[in-house]
There are 2 protein chains.
Amino acid sequence: MTDGVVERSRPRDRILETARDMFHKHGIKGVGVDAITEAAGTNKMTLYRHFESKDDLIIECLRANAAKAGAMWDTFETEFPGDKLAQLHAWVRKAAAMLNTDGRGCDMANAAAELTEPDHPARLVIKELKEAQRERLVGLCRDAGIGQAELLADTLSLLFEGARVSVQTVGAEGPSTQFVRMAEGLIVSFRGAAAG
Amino acid sequence: MTDGVVERSRPRDRILETARDMFHKHGIKGVGVDAITEAAGTNKMTLYRHFESKDDLIIECLRANAAKAGAMWDTFETEFPGDKLAQLHAWVRKAAAMLNTDGRGCDMANAAAELTEPDHPARLVIKELKEAQRERLVGLCRDAGIGQAELLADTLSLLFEGARVSVQTVGAEGPSTQFVRMAEGLIVSFRGAAAG
DNA sequence: TCTGGAAGTTACAGACCGGTAACACCCTAG
DNA sequence: CTAGGGTGTTACCGGTCTGTAACTTCCAGA
């Protein structure tokens with residue numbers, strides 16, 4: 001998908017989709033609203049009729065990202081219905097695939113790096129969405145019958161987060177190549193430990 | 001250290017130190033050269049007499065950060081001379097301490113998130129410095145007699161990187177609180193495995 | 001066919017950005 | 001005492017940024 005996507009849909013949807021893409025590629029402060037609206041095939045006034053401000057647009061983009069990620073989680077359940085352990089392994093494979101898909105890190109992490117004001121409205125949203133993601137991974141580990149589900153989930157998520165950062169700094173041929181091995185090893189190790 | 005640091009030292013040093021501090025706190029694109037020079041108690045012309053451009057200043061800041069980090073590594077050797085395993089544990093403790101010191105992530109990772117142009121001059125420097133850091137941690141693991149030194153070093157560094165991101169997104173009370181437990185567990189586990 | 005709302009257009013405000021020119025100053029080394 | 005380099009000051013350039021005002025165009029539904 002290039003920057004100049006202009007499918008025929010409602011302007012609000014086009015703006016949101018284009019902004020998501022451009023924020024991801026160029027960063028939040030690296031993209032102006034003019035560039036977004038132009039790439040979306042519309043204009044600045046229309047953007048400000050649908051979004052209160054650029055900050056509001058940022059937040060809507062983050063929520064849209066989370067919704068898309070949530071839909072991806074659902075595919076694990078449809079792919080391996082009931083088999084939570086298989087779903088956990090699917091998560092590992094999916095995460096690894098994302099590492100090789102693009103060299104940009106997590107949009108929420110990148111946004112947090114850019115929006116440094118402690119009371120920026122987007123920060124609350126980022127925290128809320130990240131915590132929801134964590135709950136989901138913890139639940140998956142627990143339902144997979146792993147003893148220390150929280151600890152495994154947190155370890156896996158820190159590993160993945162770190163891997164995304166690593167891809168962004170040293171490239172996809174760095175330490176992140178070992179992500180699957182690390183993650184699978186952890187799962188084996190946690191499954192070996194007595195559930196208590 | 002506030003933004004208004006003005007010790008009596010040479011202007012170039014004041015600019016570099018102030019820029020490091022402000023880039024760290026507010027991000028690179030969140031700080032203008034005017035703000036830096038004013039906080040450093042000097043002026044824009046003096047900045048441009050010592051640095052070719054803002055990009056050049058950014059790179060010098062990154063290098064200065066790396067130099068400071070390198071000095072920290074040296075303290076491990078002086079603190080536990082010859083005892084590489086103790087130095088590795090010291091690294092874990094130091095890393096954990098950094099997680100609670102400030103809520104901003106790694107300056108290099110943040111810079112990589114902000115400077116999205118693939119050929120930005122700072123990206124080469126970031127990669128170079130990150131690879132040097134990795135070499136150092138791998139060397140420490142190897143000298144500590146750990147079998148799969150590269151894998152342990154990469155795992156530890158991804159965990160740490162992820163923990164710093166986590167602090168930045170959900171705060172210091174999130175998954176990052178488990179960092180020491182994760183890291184120590186990994187070291188034990190790798191030491192248990194036969195060296196080969 | 002008429003009408004009302006959504007969308008497009010142009011221009012602008014006010015602020016900030018990185019970077020430069022021209023000139024005045026001050027302090028130290030000789 | 002003097003010369004010269006480092007520093008400070010002011011003004012400016014062209015560009016970009018978010019956000020708004022006033023107006024026109026278009027199109028779907030009644």
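Protein chains get the first letters and strands the later ones, always in sequence-line order, with residue 1 at the start of each.
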**Request:** Output every pair passing side-chain hydrogen bond (donor to acceptor under 3.5 Å, both in side chains) with a member in residues 115-124 of chain B, not counting sequence neighbours, ordered by first then second residue.
**Result:** Asp55(B)-His120(B)
**Asked** Between atom CG in Asp13(B) and atom P in dT7(D), what is the gap in whole Å?
**Response** 10 Å
**Request:** Measure across Glu161(B) and Gly162(A) and return the closest heavy-atom pair with its distance rounded to 0.1 Å.
**Result:** CB-CA, 3.9 Å
**Prompt:** Expressed in angstrom and rounded to an integer, what is the separation of Glu38(B) atom CD from dG18(C) atom P?
**Reply:** 14 Å
**Request:** Figure out the CG/C1' separation between Asp34(A) and dT9(C), and round it to whole Å.
**Result:** 13 Å
**Prompt:** What residues in residues 57-65 of chain A put a non-hydrogen atom under 4.0 Å from any atom of DNA chain D?
**Reply:** none
**Complete:** ring-ring contact (aromatic ring centres under 6.0 Å, His included) pairs touching residues 134-154 of chain B, sequence neighbours excluded, are none
**Request:** Report the distance from atom NZ of Lys29(B) to atom C1' of dC16(C), rounded to the nearest whole Å.
**Result:** 15 Å
**Prompt:** Salt bridge check: are Lys68(B) and Glu17(B) linked by an N-O gap of less than 4.0 Å?
**Reply:** yes
**Request:** State which residues pass ring-ring contact (aromatic ring centres under 6.0 Å, His included) with Phe179(B); sequence neighbours excluded, sorted by chain then number.
**Result:** Phe160(B)
**Item:** Short side-chain donor-acceptor distance under 3.5 Å, Asn65(B) and His24(B)
**Value:** no
**Asked** According to the salt bridge (charged side-chain N to carboxylate O under 4.0 Å, His left out) rule, which pairs have a member within residues 70-81 of chain B, sequence neighbours left out?
**Response** Asp74(B)-Arg136(B), Glu77(B)-Lys84(B)
**Prompt:** When the distance from CD1 of Ile36(A) to P of dT16(D) is rounded to whole Å, what number comes out?
**Reply:** 16 Å
**Prompt:** For DNA chain D, which residues in residues 42-56 of chain B have a heavy atom at a distance below 4.0 Å?
**Reply:** Thr42(B), Asn43(B), Met45(B), Thr46(B), Arg49(B), His50(B)
**Item:** Under-4.0 Å salt bridge between Glu38(A) and Lys44(A)
**Value:** no
**Rounded distance (Å) that lies between atom C1' of dG5(C) and atom CZ of Arg10(A)** = 13 Å
